[in-house]
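Numbered from 1 within each chain, the chains take letters A, B, ... in sequence-line order. We use all heavy atoms of the structure for the numbers below, so side chains are in, but hydrogens, waters and symmetry mates are not.
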Number of protein chains: 2
Amino acid sequence: MHPELLLDNQICFRLYTATRLVTQAYTPMLTELGITYPQYLVLMVLWEHDNQPVNDIAHRLLLETNTVTPLLQRMEKLGLVVRQRGKEDKRQQIVSLTEKGKALEEQAYKTIPTGMGKELRFCPLKLEDYQRLAQELDSIINTLKK
Amino acid sequence: MHPELLLDNQICFRLYTATRLVTQAYTPMLTELGITYPQYLVLMVLWEHDNQPVNDIAHRLLLETNTVTPLLQRMEKLGLVVRQRGKEDKRQQIVSLTEKGKALEEQAYKTIPTGMGKELRFCPLKLEDYQRLAQELDSIINTLKK
DNA sequence: GTTTATTATATCGCGCACGATTTATTGTTA
DNA sequence: TAACAATAAATCGTGCGCGATATAATAAAC
(Lines give C-alpha, C1' and ligand atoms only; values in the text may rest on other atoms or scores of the structure.)
Protein backbone atom coordinates (compact mmCIF):
# COMPACT_ATOMS: atom_id res chain seq x y z
CA MET A 1 0.00 0.00 0.00
CA HIS A 2 2.39 2.67 1.30
CA PRO A 3 5.61 2.59 -0.72
CA GLU A 4 7.44 4.23 2.20
CA LEU A 5 6.77 1.07 4.20
CA LEU A 6 8.02 -1.44 1.62
CA LEU A 7 11.08 -3.37 2.75
CA ASP A 8 12.71 -2.82 -0.64
CA ASN A 9 12.54 0.94 -0.15
CA GLN A 10 14.31 0.95 3.20
CA ILE A 11 17.87 2.20 3.37
CA CYS A 12 17.96 1.05 6.96
CA PHE A 13 17.17 -2.57 6.10
CA ARG A 14 19.98 -2.50 3.54
CA LEU A 15 22.39 -1.10 6.12
CA TYR A 16 21.27 -3.68 8.67
CA THR A 17 21.66 -6.55 6.20
CA ALA A 18 24.95 -5.40 4.70
CA THR A 19 26.42 -4.99 8.18
CA ARG A 20 25.37 -8.48 9.22
CA LEU A 21 26.69 -10.08 6.03
CA VAL A 22 30.01 -8.24 6.13
CA THR A 23 30.42 -9.15 9.80
CA GLN A 24 29.64 -12.77 8.92
CA ALA A 25 32.35 -12.62 6.25
CA TYR A 26 34.85 -11.50 8.90
CA THR A 27 33.79 -14.13 11.40
CA PRO A 28 35.79 -17.18 10.18
CA MET A 29 39.01 -15.15 10.12
CA LEU A 30 38.31 -13.59 13.52
CA THR A 31 37.40 -16.97 14.99
CA GLU A 32 40.83 -18.14 13.86
CA LEU A 33 42.25 -15.32 16.00
CA GLY A 34 39.93 -16.22 18.88
CA ILE A 35 38.01 -12.92 18.87
CA THR A 36 34.66 -11.43 17.83
CA TYR A 37 34.04 -8.44 15.57
CA PRO A 38 33.41 -5.92 18.38
CA GLN A 39 36.56 -7.20 20.09
CA TYR A 40 38.43 -6.63 16.82
CA LEU A 41 37.18 -3.03 16.81
CA VAL A 42 38.50 -2.49 20.33
CA LEU A 43 41.85 -3.97 19.32
CA MET A 44 42.07 -1.62 16.31
CA VAL A 45 41.48 1.33 18.65
CA LEU A 46 44.22 0.13 21.01
CA TRP A 47 46.66 -0.80 18.23
CA GLU A 48 46.38 2.80 17.09
CA HIS A 49 46.75 4.25 20.58
CA ASP A 50 47.45 2.06 23.60
CA ASN A 51 46.61 2.77 27.27
CA GLN A 52 43.24 4.46 26.96
CA PRO A 53 40.47 4.86 29.53
CA VAL A 54 37.18 3.09 28.88
CA ASN A 55 35.46 6.33 27.94
CA ASP A 56 37.88 7.16 25.15
CA ILE A 57 37.45 3.72 23.61
CA ALA A 58 33.68 4.03 23.86
CA HIS A 59 33.69 7.48 22.26
CA ARG A 60 35.91 6.31 19.43
CA LEU A 61 33.50 3.47 18.67
CA LEU A 62 30.38 5.58 19.35
CA LEU A 63 29.31 3.03 21.93
CA GLU A 64 28.15 3.40 25.52
CA THR A 65 30.27 2.21 28.43
CA ASN A 66 27.57 -0.31 29.35
CA THR A 67 28.50 -2.05 26.09
CA VAL A 68 32.25 -1.52 26.29
CA THR A 69 32.82 -2.45 29.93
CA PRO A 70 31.59 -6.06 29.63
CA LEU A 71 33.37 -6.32 26.27
CA LEU A 72 36.65 -5.33 27.93
CA GLN A 73 36.00 -7.70 30.83
CA ARG A 74 35.69 -10.58 28.36
CA MET A 75 38.83 -9.42 26.56
CA GLU A 76 40.68 -9.31 29.87
CA LYS A 77 39.62 -12.90 30.56
CA LEU A 78 40.99 -13.82 27.12
CA GLY A 79 44.31 -12.24 28.09
CA LEU A 80 44.15 -9.60 25.34
CA VAL A 81 44.10 -6.51 27.59
CA VAL A 82 44.61 -5.50 31.20
CA ARG A 83 42.74 -2.79 33.05
CA GLN A 84 44.17 -0.71 35.89
CA ARG A 85 42.86 2.26 37.84
CA GLY A 86 44.07 5.66 36.62
CA LYS A 87 46.74 7.23 38.81
CA GLU A 88 45.57 10.85 38.69
CA ASP A 89 41.87 9.98 38.35
CA LYS A 90 40.94 6.84 40.24
CA ARG A 91 37.54 6.64 38.54
CA GLN A 92 39.16 5.76 35.25
CA GLN A 93 40.11 2.30 34.12
CA ILE A 94 43.12 2.49 31.82
CA VAL A 95 43.00 -0.29 29.24
CA SER A 96 46.31 -1.61 27.91
CA LEU A 97 47.24 -4.29 25.42
CA THR A 98 49.01 -7.41 26.66
CA GLU A 99 51.74 -9.01 24.58
CA LYS A 100 49.10 -11.39 23.28
CA GLY A 101 46.89 -8.47 22.29
CA LYS A 102 49.79 -6.73 20.56
CA ALA A 103 50.79 -9.88 18.73
CA LEU A 104 47.35 -10.22 17.20
CA GLU A 105 47.99 -7.15 15.05
CA GLU A 106 50.45 -9.00 12.83
CA GLN A 107 48.22 -12.07 12.73
CA ALA A 108 45.30 -9.89 11.66
CA TYR A 109 47.40 -8.10 9.06
CA LYS A 110 48.41 -11.41 7.49
CA THR A 111 44.92 -12.84 7.13
CA ILE A 112 42.15 -10.26 7.20
CA PRO A 113 42.78 -7.75 4.37
CA THR A 114 43.46 -10.48 1.80
CA GLY A 115 40.67 -12.63 3.22
CA MET A 116 38.12 -9.86 2.85
CA GLY A 117 39.45 -9.15 -0.63
CA LYS A 118 38.63 -12.71 -1.57
CA GLU A 119 35.16 -12.46 -0.08
CA LEU A 120 34.45 -9.36 -2.18
CA ARG A 121 36.32 -10.36 -5.34
CA PHE A 122 33.04 -10.71 -7.27
CA CYS A 123 31.60 -7.46 -5.96
CA PRO A 124 31.21 -5.02 -8.87
CA LEU A 125 32.20 -2.03 -6.71
CA LYS A 126 35.52 -0.37 -7.58
CA LEU A 127 37.88 1.54 -5.33
CA GLU A 128 36.18 4.85 -6.06
CA ASP A 129 32.79 3.30 -5.30
CA TYR A 130 34.01 2.21 -1.87
CA GLN A 131 35.41 5.68 -1.26
CA ARG A 132 32.10 7.31 -2.17
CA LEU A 133 30.24 4.75 -0.06
CA ALA A 134 32.48 5.67 2.87
CA GLN A 135 31.67 9.35 2.38
CA GLU A 136 27.94 8.70 2.18
CA LEU A 137 28.04 6.62 5.35
CA ASP A 138 30.06 9.34 7.08
CA SER A 139 27.37 11.86 6.13
CA ILE A 140 24.71 9.73 7.79
CA ILE A 141 26.89 9.03 10.83
CA ASN A 142 27.80 12.69 11.33
CA THR A 143 24.18 13.75 10.97
CA LEU A 144 22.90 11.30 13.57
CA LYS A 145 25.70 11.07 16.10
CA LYS A 146 25.69 12.81 19.51
CA MET B 1 51.30 0.92 11.36
CA HIS B 2 49.19 -1.03 8.88
CA PRO B 3 46.75 1.34 7.17
CA GLU B 4 44.48 -1.62 6.39
CA LEU B 5 43.93 -2.01 10.13
CA LEU B 6 43.07 1.61 10.90
CA LEU B 7 39.53 2.08 12.11
CA ASP B 8 39.09 5.08 9.81
CA ASN B 9 39.80 2.90 6.79
CA GLN B 10 37.16 0.30 7.60
CA ILE B 11 33.98 0.23 5.53
CA CYS B 12 32.64 -2.36 7.93
CA PHE B 13 32.96 -0.07 10.97
CA ARG B 14 31.09 2.63 9.06
CA LEU B 15 28.32 0.18 8.17
CA TYR B 16 28.17 -1.04 11.75
CA THR B 17 28.00 2.50 13.14
CA ALA B 18 25.56 3.86 10.56
CA THR B 19 23.23 0.92 11.17
CA ARG B 20 23.28 1.45 14.92
CA LEU B 21 22.68 5.20 14.65
CA VAL B 22 19.86 4.87 12.11
CA THR B 23 18.24 2.18 14.25
CA GLN B 24 18.56 4.47 17.26
CA ALA B 25 16.84 7.21 15.27
CA TYR B 26 13.92 4.86 14.61
CA THR B 27 13.68 3.71 18.21
CA PRO B 28 11.62 6.54 19.78
CA MET B 29 8.98 6.24 17.04
CA LEU B 30 8.92 2.45 17.26
CA THR B 31 8.73 2.55 21.05
CA GLU B 32 5.63 4.71 20.60
CA LEU B 33 4.18 1.82 18.58
CA GLY B 34 5.35 -0.69 21.20
CA ILE B 35 7.74 -2.55 18.90
CA THR B 36 11.47 -2.96 18.18
CA TYR B 37 13.26 -2.50 14.87
CA PRO B 38 13.49 -6.23 14.00
CA GLN B 39 9.80 -6.55 14.86
CA TYR B 40 9.11 -3.62 12.51
CA LEU B 41 10.94 -5.50 9.75
CA VAL B 42 8.77 -8.57 10.31
CA LEU B 43 5.66 -6.39 10.19
CA MET B 44 6.78 -4.84 6.89
CA VAL B 45 7.19 -8.33 5.45
CA LEU B 46 3.71 -9.32 6.62
CA TRP B 47 2.07 -6.03 5.59
CA GLU B 48 3.34 -6.75 2.09
CA HIS B 49 2.22 -10.40 2.12
CA ASP B 50 0.26 -11.88 5.01
CA ASN B 51 0.11 -15.54 6.11
CA GLN B 52 3.67 -16.68 5.53
CA PRO B 53 5.57 -19.62 7.04
CA VAL B 54 8.51 -18.82 9.31
CA ASN B 55 11.00 -19.85 6.64
CA ASP B 56 9.71 -17.36 4.07
CA ILE B 57 9.93 -14.51 6.56
CA ALA B 58 13.45 -15.55 7.51
CA HIS B 59 14.55 -15.77 3.88
CA ARG B 60 13.08 -12.35 3.09
CA LEU B 61 15.06 -10.81 5.96
CA LEU B 62 18.16 -12.94 5.33
CA LEU B 63 17.94 -14.21 8.90
CA GLU B 64 18.02 -17.71 10.36
CA THR B 65 14.97 -19.32 11.92
CA ASN B 66 16.74 -19.42 15.29
CA THR B 67 16.52 -15.64 15.22
CA VAL B 68 13.05 -15.35 13.73
CA THR B 69 11.26 -17.98 15.82
CA PRO B 70 11.85 -16.25 19.18
CA LEU B 71 11.12 -12.89 17.53
CA LEU B 72 7.73 -14.20 16.38
CA GLN B 73 7.03 -15.72 19.78
CA ARG B 74 7.53 -12.31 21.37
CA MET B 75 5.34 -10.70 18.71
CA GLU B 76 2.64 -13.28 19.39
CA LYS B 77 2.75 -12.42 23.09
CA LEU B 78 2.32 -8.76 22.11
CA GLY B 79 -0.78 -9.70 20.13
CA LEU B 80 0.67 -8.59 16.79
CA VAL B 81 0.64 -11.98 15.03
CA VAL B 82 -0.74 -15.48 15.44
CA ARG B 83 0.98 -18.71 14.39
CA GLN B 84 -0.84 -21.85 13.30
CA ARG B 85 0.38 -25.16 11.88
CA GLY B 86 0.24 -25.44 8.09
CA LYS B 87 -2.63 -27.57 6.80
CA GLU B 88 -0.83 -29.35 3.98
CA ASP B 89 2.59 -29.37 5.71
CA LYS B 90 2.31 -29.73 9.46
CA ARG B 91 5.97 -28.80 9.98
CA GLN B 92 5.27 -25.23 8.95
CA GLN B 93 4.07 -22.47 11.22
CA ILE B 94 1.97 -20.01 9.22
CA VAL B 95 2.33 -16.49 10.63
CA SER B 96 -0.62 -14.14 10.25
CA LEU B 97 -1.26 -10.55 11.31
CA THR B 98 -3.85 -9.85 13.97
CA GLU B 99 -6.10 -6.81 13.72
CA LYS B 100 -3.68 -5.07 16.05
CA GLY B 101 -0.78 -5.96 13.77
CA LYS B 102 -2.65 -4.74 10.71
CA ALA B 103 -3.65 -1.51 12.42
CA LEU B 104 -0.01 -0.65 13.13
CA GLU B 105 0.58 -0.08 9.42
CA GLU B 106 -1.41 3.15 9.41
CA GLN B 107 0.15 4.24 12.69
CA ALA B 108 3.60 3.64 11.23
CA TYR B 109 2.72 5.45 8.03
CA LYS B 110 1.63 8.52 9.97
CA THR B 111 4.75 8.86 12.09
CA ILE B 112 7.80 7.10 10.71
CA PRO B 113 8.51 8.50 7.21
CA THR B 114 8.12 12.11 8.35
CA GLY B 115 9.92 11.38 11.61
CA MET B 116 12.94 9.95 9.81
CA GLY B 117 12.83 12.88 7.40
CA LYS B 118 13.22 15.21 10.37
CA GLU B 119 16.10 13.16 11.77
CA LEU B 120 17.94 13.42 8.45
CA ARG B 121 16.94 16.97 7.47
CA PHE B 122 20.50 18.22 7.99
CA CYS B 123 22.06 15.30 6.12
CA PRO B 124 23.75 16.60 2.96
CA LEU B 125 22.73 13.54 0.94
CA LYS B 126 20.19 14.13 -1.82
CA LEU B 127 17.66 11.74 -3.27
CA GLU B 128 20.08 10.52 -5.94
CA ASP B 129 22.75 9.96 -3.30
CA TYR B 130 20.40 7.72 -1.33
CA GLN B 131 19.54 5.84 -4.50
CA ARG B 132 23.19 5.26 -5.30
CA LEU B 133 23.85 4.28 -1.70
CA ALA B 134 21.06 1.72 -1.98
CA GLN B 135 22.64 0.29 -5.12
CA GLU B 136 26.07 0.09 -3.54
CA LEU B 137 24.67 -1.69 -0.49
CA ASP B 138 22.76 -4.07 -2.76
CA SER B 139 26.02 -4.91 -4.53
CA ILE B 140 27.63 -5.86 -1.25
CA ILE B 141 24.57 -7.77 -0.07
CA ASN B 142 24.23 -9.73 -3.31
CA THR B 143 27.93 -10.57 -3.29
CA LEU B 144 27.92 -11.93 0.25
CA LYS B 145 24.49 -13.50 0.65
CA LYS B 146 23.82 -17.28 0.53
C1' DG C 1 35.00 22.77 54.35
C1' DT C 2 30.75 20.79 53.62
C1' DT C 3 27.08 20.10 50.48
C1' DT C 4 25.82 19.35 45.80
C1' DA C 5 26.50 18.27 41.06
C1' DT C 6 29.11 15.99 37.64
C1' DT C 7 31.81 12.35 35.77
C1' DA C 8 33.71 7.41 35.05
C1' DT C 9 32.61 3.00 35.37
C1' DA C 10 29.89 -0.93 36.61
C1' DT C 11 25.60 -3.69 37.08
C1' DC C 12 21.05 -5.41 35.64
C1' DG C 13 17.50 -6.84 32.38
C1' DC C 14 15.84 -7.58 27.79
C1' DG C 15 15.97 -8.40 22.85
C1' DC C 16 18.29 -9.67 19.27
C1' DA C 17 21.95 -12.65 16.08
C1' DC C 18 23.87 -16.87 15.47
C1' DG C 19 26.44 -21.47 15.97
C1' DA C 20 25.05 -25.93 17.44
C1' DT C 21 21.77 -29.36 18.51
C1' DT C 22 17.05 -31.42 18.82
C1' DT C 23 12.33 -32.77 17.44
C1' DA C 24 8.70 -33.55 14.35
C1' DT C 25 7.17 -34.13 9.78
C1' DT C 26 7.76 -35.09 4.96
C1' DG C 27 10.21 -37.13 1.04
C1' DT C 28 13.03 -40.79 -0.93
C1' DT C 29 15.00 -45.15 -1.51
C1' DA C 30 15.65 -49.96 -1.14
C1' DT D 1 6.57 -50.95 3.91
C1' DA D 2 10.62 -50.20 6.41
C1' DA D 3 14.79 -47.48 6.56
C1' DC D 4 16.99 -43.42 5.61
C1' DA D 5 17.60 -38.64 4.23
C1' DA D 6 15.91 -33.99 3.96
C1' DT D 7 13.26 -30.18 5.67
C1' DA D 8 10.71 -26.82 9.11
C1' DA D 9 10.83 -25.16 13.59
C1' DA D 10 12.29 -24.98 18.06
C1' DT D 11 15.70 -24.95 21.82
C1' DC D 12 20.11 -23.80 24.08
C1' DG D 13 24.19 -21.02 25.07
C1' DT D 14 27.04 -16.92 24.27
C1' DG D 15 28.04 -12.19 23.06
C1' DC D 16 26.67 -8.04 22.03
C1' DG D 17 23.76 -3.16 22.28
C1' DC D 18 21.32 -0.34 25.10
C1' DG D 19 17.90 1.77 28.54
C1' DA D 20 17.90 2.25 33.39
C1' DT D 21 20.06 2.40 37.65
C1' DA D 22 23.89 2.19 41.07
C1' DT D 23 28.47 3.30 43.02
C1' DA D 24 32.57 5.67 43.68
C1' DA D 25 35.55 9.56 42.81
C1' DT D 26 36.17 14.27 41.36
C1' DA D 27 34.63 19.03 40.59
C1' DA D 28 31.76 22.95 41.64
C1' DA D 29 29.08 25.79 44.57
C1' DC D 30 27.82 27.61 48.78
Spacing between [X] atom [atom1] and [N] atom [atom2], to the nearest angstrom:
X: B:R74; N: D:dA10; atom1: CZ; atom2: P; result: 13 Å
X: A:K90; N: C:dA10; atom1: NZ; atom2: C1'; result: 19 Å
X: A:I57; N: C:dT9; atom1: CD1; atom2: P; result: 9 Å
X: A:L61; N: D:dC16; atom1: CG; atom2: C1'; result: 13 Å
X: B:R20; N: C:dA17; atom1: CZ; atom2: C1'; result: 15 Å
X: A:R85; N: D:dT23; atom1: CZ; atom2: C1'; result: 10 Å
X: B:L15; N: D:dG17; atom1: CG; atom2: P; result: 14 Å
X: B:F13; N: D:dG17; atom1: CZ; atom2: C1'; result: 14 Å

key: Residue-phosphate contact under 4.0 Å: B:R91 side-chain N/O, D:dA6 OP1/OP2   = no
ask   = Are any of A:Q92's side-chain N or O atoms less than 4.0 Å away from OP1 or OP2 of C:dT9?
value = no
Of all the nucleotides listed ([options]), which has the minimum atom distance to the side chain of [X]?
X: B:T65; options: C:dC16, D:dA10, C:dT9; result: D:dA10
X: A:T69; options: D:dA6, C:dT7, C:dA10; result: C:dA10
X: B:Q73; options: D:dT11, C:dA8, C:dA17; result: D:dT11
X: B:N66; options: D:dC12, C:dT9, D:dT26; result: D:dC12

request  = Let me know, please, whether B:L72 or A:L71 comes out on the 5' side of the other along DNA chain D by nearest nucleotide.
outcome  = B:L72
inquiry  = I want to confirm an ordering. Mapping B:N55 and B:Y16 to their closest nucleotides on DNA chain D, which one lands closer to the 5' end?
reply    = B:N55
ask   = Between B:L63 and A:D89, who's closer to the 5' end of DNA chain C by nearest nucleotide?
value = A:D89
request  = Before accepting this row, confirm whether a basic side-chain N of the pair B:D129/B:K126 lies closer than 4.0 Å to the acidic partner's carboxylate O.
outcome  = no
Test: B:D8 and A:R60 ion pair at under 4.0 Å = yes
ask   = From B:R121 CZ over to B:T114 OG1, what is the distance, rounded to the nearest 0.5 angstrom?
value = 11.5 Å
query = What distance separates B:T111 OG1 from B:M116 CE, expressed to the nearest 0.5 Å?
reply = 11.5 Å
ask   = Among A:T143, A:N142, A:I140, A:L62, which residue meets the side chain to side chain contact (heavy atoms under 4.5 Å, CB included) test with B:L21?
value = A:L62
request  = Please work out whether the ring planes of B:Y37 and A:Y16 are parallel, tilted or perpendicular, with thresholds of 30° and 60°.
outcome  = perpendicular
request  = Assign the ring pair A:W47 / A:Y40 to parallel, tilted or perpendicular, where the plane angle (0 to 90°) is split at 30° and 60°.
outcome  = perpendicular
inquiry  = Any base atoms under 4.0 Å from B:E64, or only sugar-phosphate, or nothing? Heavy atoms, all strands.
reply    = nothing
message = Checking A:T23 now: which residues fulfil side chain to side chain donor-acceptor pair (under 3.5 Å) with it, not counting sequence neighbours?
response = none
inquiry  = Any residue in residues 21-46 of chain B with a heavy atom nearer than 4.0 angstrom to DNA chain D? Just list them by number, or reply none.
reply    = B:Q24
